[in-house]
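Side-chain atoms are counted along with the backbone in the values below, which use heavy atoms only and exclude waters and symmetry mates.
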Amino acid sequence: MTTHPDSPSTPSTPSTDSERLEDCYPVLAALSAPARERLLRAAQWMRVPSGAMLFDDLQSCEGFPFVIEGSVRVSKCAPSGRELPLYRVGPGETCIISSSCLLGHEDYNARGVTEADTLLMMLPKPVFDEMLGERPFREFIFHLFAERIADLMQLIEEVAFRKLDQRLATLLLGKGRLLHVTHQQLADELGSVREIVSRLLKNLADQGLVRLAREQVEILDPAGLRKLSAEGSSKP
């Protein structure tokens, strides 16, 4: 992971950061004493503001991120500007794009942007390579790699086999009765464009399922949305 040059970051090295690192990533306690000391000595601490681009397509990957607080949204971007969110990396989780780039010696093929003020520890590539010699670390990387692959397979299934109105209904559910969100934000989450999502939202409003206002969606009929999510629209 490489911090984008247009995205400022401030190093943070309080002693509590190392304790928080081990709280988020218990696997570090299973490393041999020399390996653990080597990892902590090489740690590069970064505090990055919300909305900062951490990496982008075709950038080289120089390190492996451990997220302590905040969240990083990883997306695949098209030349047109459309994005498809792939996954988010929160505390205790890993970025499989970063790990695959490091393991395969490839450049990034996705974009990572912070969704909140984020504290992370960057492990330089040479030390990441050394840590793979430690069985607990290696198993940790590949276990979470498998979990992320399963998530991505589910995303592929959603995009390929479910209609956009079903996915929109699913996205609206489970966030409370009143959502403070723009049509563009919903489109970004769905990997679609605002105009299409706006039209679908108007259809939902016409059916009495939601009420629309500026940067706001009110859920009027959760049961109807759940039915749409499960069965799809009867309209062509």
Side-chain angles (χ1 to χ4, degrees), residues 1-31 33 35-57 59-77 83 85-103 107-132 134 136-145 147-148 151-152 175 180 185 188-189:
M1 181 175 283
T2 305
T3 304
H4 192 275
D6 294 332
S7 303
S9 61
T10 303
S12 173
T13 55
S15 59
T16 54
D17 283 352
S18 295
E19 297 174 4
R20 296 174 65 191
L21 174 67
E22 295 190 14
D23 287 341
C24 290
Y25 298 91
V27 65
L28 301 185
L31 299 177
R36 180 177 173 276
E37 181 181 354
R38 170 75 170 122
L39 182 146
L40 295 177
R41 189 170 61 250
Q44 299 175 356
W45 293 93
M46 302 168 58
R47 187 172 290 276
V48 188
S50 177
M53 187 182 298
L54 293 179
F55 58 85
D56 202 358
D57 277 314
Q59 286 186 342
S60 62
C61 182
E62 302 298 337
F64 184 80
F66 292 82
V67 178
I68 312 305
E69 64 182 57
S71 176
V72 179
R73 170 175 162 162
V74 180
S75 305
K76 184 66 179 175
C77 304
E83 294 188 9
L86 300 177
Y87 56 86
R88 288 171 171 81
V89 184
E93 298 177 335
T94 63
C95 175
I96 65 166
I97 297 293
S98 294
S99 57
S100 64
C101 289
L102 291 171
L103 292 169
D107 292 338
Y108 280 110
N109 56 7
R111 175 178 297 169
V113 178
T114 55
E115 294 188 303
D117 291 348
T118 299
L119 174 66
L120 55 87
M121 186 276 277
M122 194 71 64
L123 188 65
K125 183 183 184 305
V127 185
F128 173 83
D129 292 340
E130 291 178 26
M131 292 302 110
L132 289 176
E134 293 278 320
F137 187 86
R138 185 172 62 251
E139 291 181 346
F140 165 75
I141 293 296
F142 287 122
H143 173 71
L144 292 183
F145 201 103
E147 287 187 348
R148 287 293 190 196
D151 292 341
L152 289 177
K175 295 181 173 62
H180 297 281
Q185 288 171 327
D188 291 342
E189 286 292 320

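- Residues meeting the side chain to side chain donor-acceptor pair (under 3.5 Å) test with Arg138, sequence neighbours left out: none.
- Pro124 approaches Met122 most closely through the heavy-atom pair CD-O, 3.5 Å.
- The distance from the CE atom of Met121 to the OH atom of Tyr25 is 8.5 Å, given to the nearest 0.5 Å.
- Side-chain atoms of Tyr108 do not come within 3.5 Å of backbone N or O of Phe55 as any donor-acceptor pair.
- Note: Cys24 SG to Phe66 CZ = 11.0 Å, rounded to the nearest 0.5 Å.
- For Asp151, the side chain to side chain contact (heavy atoms under 4.5 Å, CB included) partners two or more places apart in sequence, or in a different chain, are Arg148.
- Within the model, atoms CG of Asn109 and OG of Ser100 stand 6.5 Å from one another, a figure rounded to the nearest 0.5 Å.
- Of the possible donor and acceptor atoms, one in the side chain of Thr118 sits under 3.5 Å from a partner among the backbone N and O of Ala116.
- Here Arg88 pairs with Glu189 in a salt bridge; the nearest charged N to carboxylate O distance falls below 4.0 Å.
- Of the charged side-chain nitrogens involved, at least one lies within less than 4.0 Å of a carboxylate oxygen, so that Glu130 and Arg38 count as a salt-bridged pair.
- When every heavy atom of Ile96 is checked against every heavy atom of Leu152, the shortest pair comes out as CD1-CD1, 3.5 Å.
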Run Val72 and Val113 through side-chain contact (heavy atoms from CB on, under 4.5 Å) and show every step you take. CA-CA 5 Å; Val72 179; Val113 178; over 6 Å; no
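- Applying the side chain to side chain contact (heavy atoms under 4.5 Å, CB included) test to Thr94 and every residue at least two apart in sequence or in another chain returns Phe64, Phe140, Leu144.
- For Glu69, the salt bridge (charged side-chain N to carboxylate O under 4.0 Å, His left out) test picks out Arg20, Arg47, with sequence neighbours left out.
- Remark: His180 engages Leu178, Gln216 in a side chain to side chain contact (heavy atoms under 4.5 Å, CB included) (not counting sequence neighbours).
- Side-chain atoms of Tyr87 never come within 3.5 Å of backbone atoms of Cys95 as a donor-acceptor pair (strictly under, hydrogens ignored).
- From Leu120, atom CG reaches atom OG1 of Thr114 across 9.0 Å, with rounding to the nearest 0.5 Å.
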In sequence, state the C-alpha distance, the side-chain angles, and the governing distance for Val67 and Glu93, and then conclude on side-chain contact (heavy atoms from CB on, under 4.5 Å). CA-CA 7 Å; Val67 178; Glu93 298 177 335; over 6 Å; no
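- Residue Arg111 is tested with Asp56, Asp57, Asp188 for a salt bridge (charged side-chain N to carboxylate O under 4.0 Å, His left out); the sole match is Asp56.
- Here Arg36 pairs with Glu22 under the side chain to side chain donor-acceptor pair (under 3.5 Å) rule; sequence neighbours left out.
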